[in-house]
Amino acid sequence: MTVGSGSGLPPGLPFPRRILAGDTIEAARALLGARLVRLAEPAATTDDSSDDDRVAHRRVGRIVEVEAYIGEGDRASHARMGRTARNAVMFGDPGIAYVYLVYGMYHCLNVVTEPDGRPAAILIRAVEPIAGVAAMRGARAADATRRGRNLRHVADHRLAAGPGLVCIAFGIDRAMTGLDLCDPASTIGLETRPTGEPAPMVEATPRVGVGYAGEPWTSAPWRFVVPGSRALSLVRSGSVS
DNA sequence: GCAAAGATTTGCT
DNA sequence: GCAAATCTTTGCC
């Protein structure tokens with residue numbers, strides 16, 4: 001059997017860095033429909049593991065929800081207090097991963113955008129599982145166990161339906177900050193939409209959980225979703241859309 | 001050096 | 001619908 005994407009479609013191309021180097025809003029819209037990929041784990045033993053085994057564990061998700069954080073002036077952005085030890089990568093080159101711990105319990109994956117010197121990033125809030133669903137479910141179950149719980153029934157399409165859940169399902173943590181998401185050799189990466197798949201519809205809404213920022217930042221329509229996707233994060237009722 | 005809040009998720013009332 | 005879990009980062013004394 002030939003090595004493929006694991007989804008029946010041809011493997012995608014690395015996501016173009018030039019798109020991430022440009023306007024963050026444009027880049028955020030372009031990321032919808034693109035793929036988040038986690039490479040297969042290295043074989044535990046080098047002798048008896050086949051390529052097929054590794055392909056089977058490759059995780060792929062279709063990005064359906066993102067948020068843009070743009071510049072030091074954005075009072076909702078981690079860059080609002082200027083360059084710090086935590087957010088330094090946001091000020092660097094586009095295409096790099098920025099992963100932070102939120103509420104002391106969950107990780108959030110961001111893609112750095114805009115040229116070196118301009119702090120901006122896109123938060124990956126939700127993806128639809130396409131391949132490696134068993135590995136995602138296994139990661140969710142292992143995480144639940146770590147927290148002293150059992151993973152209740154979760155439909156496949158809800159396995160990565162939130163920014164914290166994306167990181168759990170794909171095994172992403174702060175140690176991955178600095179990874180080049182445009183490099184196919186990186187453990188975590190981005191790929192373009194497969195050839196022939198139509199571009200998704202895009203809807204803009206205010207960002208989630210940024211009430212502390214104040215206007216106009218709280219209401220800025222910088223959250224982008226693929227309307228109707230079953231994998232969208234649950235937004236608290238009362239939030240504006 | 002200490003206190004407060006956060007780009008979330010889950011479970012119980 | 002609300003609060004707890006959990007800890008890093010930031011802001012202020």
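Source: prediction; values computed, not measured.
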Of the listed C/dT9, B/dA7, B/dT10, the closest approach to the A/R86 side chain comes from C/dT9
Going by atom type alone, with no hydrogens or angles, which donor-acceptor pairs under 3.5 Å involve a side-chain atom of residues 93-112 of chain A and a protein atom two or more places apart or on another chain?
residue : atom : partner : partner atom : Å
A/Y98   : OH   : A/H78   : ND1          : 2.8
A/N110  : ND2  : A/Y98   : O            : 3.2

Quiz item: Any side-chain N or O of A/R140 less than 4.0 Å from the OP1 or OP2 oxygen of B/dT10?
Solution: yes
Does CE in A/M201 sit with more than 12 non-hydrogen atoms of other residues, nucleotides or ligands closer than 6.0 Å? no
Which is true for A/L101 with a 4.0 Å heavy-atom rule: it touches a base, it touches only sugar-phosphate, or it touches nothing? sugar-phosphate
Rounded to whole Å, the CD1-P distance (A/I124 to B/dA7) equals 17 Å
* **Integer angstrom distance from the P of B/dA4 to that of C/dA4** => 16 Å
Among B/dT9, B/dA7, C/dT8, the one nearest any side-chain atom of A/M90 is B/dA7
Separation of C/dT9 atom P from A/Y98 atom OH, nearest Å, is 9 Å
Whole-Å distance, A/L232 CG to B/dA7 P, equals 21 Å
Rounded to whole Å, CG of A/N87 lies from C1' of B/dG6 at a distance of 15 Å
On the six-membered ring of A/Y69, is A/R207 placed so that its NZ or CZ lies under 6.0 angstrom from the centre and within 45° of the ring axis?
yes
note: A/R125, atom CZ; B/dT8, atom C1'; distance rounded to Å ~ 9 Å
- Kindly say whether A/E128 contributes a backbone atom to a donor-acceptor pair with the side chain of A/R230 at under 3.5 angstrom? no
From CE of A/M105 across to P of B/dT10 the rounded distance in Å is 10 Å
Inset, instruction - May I ask you to say what A/R147 touches in the nucleic acid, namely base, sugar-phosphate or nothing, with a heavy-atom cut-off under 4.0 Å? - result: nothing
Taking for A/R152 and for A/G209 the nucleotide of DNA chain B with the nearest heavy atom, the one nearer the 5' end belongs to A/G209
Taking only the C1' atom of each, what is the distance from C/dG1 to B/dA7 in whole angstrom? 22 Å
Of the candidates C/dC7, B/dA7, B/dC12, the side chain of A/Y103 sits closest to B/dA7
- Any A/H78 side-chain N or O less than 4.0 Å from OP1/OP2 of C/dT9: no
Looking only at C/dC7, C/dG11, B/dG11, the nucleotide nearest the A/M81 side chain is C/dG11
Q: Decide yes or no, distance alone: a donor-acceptor N/O pair under 3.5 angstrom between the base of B/dA5 and the side-chain of A/Y212.
A: no
Taking C/dT9, B/dA7, B/dT9 as options, the one with an atom nearest any side-chain atom of A/L165 is B/dT9
Separation of B/dG6 atom P from A/R75 atom CZ, nearest Å, is 13 Å
Out of B/dA7, C/dT10, B/dC12, minimum distance to the side chain of A/T84 belongs to C/dT10
Shortest non-hydrogen pair, A/A231 vs A/V127, comes out as CB-O, 3.6 Å
When both distances are under 3.5 Å in a Watson-Crick or G-U wobble arrangement, the nucleotide paired with B/dT9 is C/dA4
Between A/E72 and A/R80 (salt bridge meaning N to carboxylate O under 4.0 Å), is one present in this structure?
no
Rounded to whole Å, NE2 of A/H107 lies from P of C/dT8 at a distance of 10 Å
